[in-house]
Amino acid sequence: MEIEHIEVLSSFFKANLKALDFDEDAYLEKLIIHWGETGEETFTLPADETISGKPEAIAFSVKNRYFIRENGEEIPIEDLSEGFDTYRPVLCFDKQAIPAPIPNTTSPHAPINPMEVLRYKCGKSLKDVSAASGVSIEQLQEYETPGYDMASIPLGTASAISKALNVHAEALLTCAPALPRNR
């Protein structure tokens, strides 16, 4: 199988995988197996492997490249009217590729999680907040679950998270509307 624009896939992995040292070839193999088994032209990283804690997907296409053999060489052909000797699938990642949308599995009436909104307003990733607060990404993801009871977060943890987000802990715990504090 040939691959076009592998750098698009590489940048997708680097931007979305939380593991800093991942085996790109292993993920590429998973993508190819997924396509071979399902025929789907999207590949989704599981939520537990992504920085955001949500499934991340990338779209791709597969086309065939046809060849005719002459003098021991394979020569690509475009016009199939005279036949072909062999073909290979080509996995294509468009340089302008927009990640495939992930279907929204939450109820349209699910409550909005204030911590996720605050983090979004502050322009910080889960990784940033985790590093600044000392709270694990997995724990932050749990706190950002829609409908999570924010009042159940331990006060010390809430204080560390609010400091990392630059908001008052009270705003975080009471679900009151809040904007980042001025420094």
Side-chain angles (χ1 to χ4, degrees), residues 1-110 112-113 115-117 119-131 136-147:
M1 180 171 262
E2 295 180 25
I3 302 172
E4 285 184 359
H5 308 300
I6 187 89
E7 67 277 0
V8 174
L9 181 64
S10 296
S11 63
F12 169 74
F13 287 148
K14 288 175 186 165
N16 291 294
L17 285 171
K18 67 179 167 185
L20 298 177
D21 56 338
F22 58 89
D23 185 356
E24 188 170 313
D25 291 335
Y27 280 100
L28 181 59
E29 185 176 331
K30 286 180 187 180
L31 182 147
I32 292 169
I33 290 170
H34 175 74
W35 169 75
E37 291 176 347
T38 66
E40 292 178 7
E41 293 185 343
T42 60
F43 179 68
T44 306
L45 295 171
D48 63 333
E49 296 178 16
T50 62
I51 294 171
S52 68
K54 297 177 183 170
E56 299 290 345
I58 186 169
F60 59 91
S61 63
V62 180
K63 63 182 179 182
N64 288 323
R65 187 167 286 150
Y66 298 91
F67 300 88
I68 193 163
R69 289 193 175 109
E70 289 184 5
N71 300 328
E73 292 184 30
E74 290 183 344
I75 301 170
I77 58 169
E78 298 294 324
D79 182 14
L80 301 179
S81 63
E82 297 189 30
F84 60 92
D85 294 318
T86 189
Y87 73 93
R88 281 190 293 280
V90 181
L91 195 59
C92 306
F93 296 95
D94 185 11
K95 287 184 176 183
Q96 308 298 318
I98 298 171
I102 302 293
N104 184 2
T105 56
T106 60
S107 160
H109 303 292
I112 296 173
N113 185 284
M115 192 167 102
E116 187 174 13
V117 172
R119 186 174 58 79
Y120 176 77
K121 286 181 181 179
C122 294
K124 296 195 177 189
S125 69
L126 282 170
K127 199 173 193 178
D128 295 336
V129 176
S130 177
S136 72
I137 291 175
E138 293 78 17
Q139 191 63 52
L140 290 171
Q141 290 170 342
E142 182 181 336
Y143 295 156
E144 287 190 359
T145 305

Nearest 0.5 Å please: distance from the [atom1] atom of [X] over to the [atom2] atom of [Y].
X: S11; Y: N16; atom1: OG; atom2: CG; value: 9.0 Å
X: K18; Y: I51; atom1: NZ; atom2: CD1; value: 9.5 Å
X: K63; Y: C92; atom1: NZ; atom2: SG; value: 4.5 Å
X: K30; Y: L45; atom1: NZ; atom2: CG; value: 8.5 Å
X: Y27; Y: S10; atom1: OH; atom2: OG; value: 13.5 Å
X: T42; Y: H34; atom1: OG1; atom2: NE2; value: 5.0 Å

- Might you work through the salt bridge (Lys or Arg N to Asp or Glu O under 4.0 Å) test for R65 and E74, ending with a clear yes or no? CA-CA 11 Å; R65 187 167 286 150; E74 290 183 344; over 6 Å; no

Without swapping roles, check the side chain of [X] against the backbone of [Y] for a donor-acceptor pair under 3.5 Å.
X: S130; Y: L126; value: no
X: N71; Y: E73; value: no
X: D128; Y: K124; value: no

- In short, L31 meets L91 closest at the heavy-atom pair CD2-CD2, 3.6 Å

- All heavy atoms of G83 vs all of I77, minimum pair found to be O-CD1, 3.2 Å

- Test E40 against W35 for side-chain contact (heavy atoms from CB on, under 4.5 Å), laying out the working first. CA-CA 5 Å; E40 292 178 7; W35 169 75; over 6 Å; no

Minimum side-chain heavy-atom gap [X]-[Y] below 4.5 Å:
X: I137; Y: Q141; result: yes
X: I6; Y: L28; result: yes
X: E2; Y: P89; result: no
X: I68; Y: E70; result: yes

- Query: Are more than 12 heavy atoms from other residues, nucleotides or ligands located less than 6.0 Å from atom CD of E29?
  - Reply: no

- Should we say atom OH of Y87 is surrounded by more than 12 heavy atoms from elsewhere, each under 6.0 Å from it? no

- Steps toward side-chain contact (heavy atoms from CB on, under 4.5 Å) verdict (V90, I3): CA-CA 5 Å; V90 181; I3 302 172; over 6 Å; no

- Are K54 and E144 ion-paired here, with the side-chain N under 4.0 Å from a carboxylate O? no

- Message: One thing to verify: whether K14 and E24 come together as a salt bridge, which I'm taking to mean a side-chain N less than 4.0 angstrom from a carboxylate O.
- Response: no

- Does a side chain donor of either E138 or Y143 reach within less than 3.5 Å of an acceptor in the other side chain? no

- Message: Could you tell me if S52 and E56 have a donor-acceptor pair between their side chains, going purely by distance under 3.5 Å?
- Response: yes

- Query: Hey, what's the ring geometry for F13 with F43, parallel, tilted or perpendicular (30° and 60° as the breaks)?
  - Reply: perpendicular

- Are F84 and F67 near enough that their ring centres are under 6.0 Å apart? no

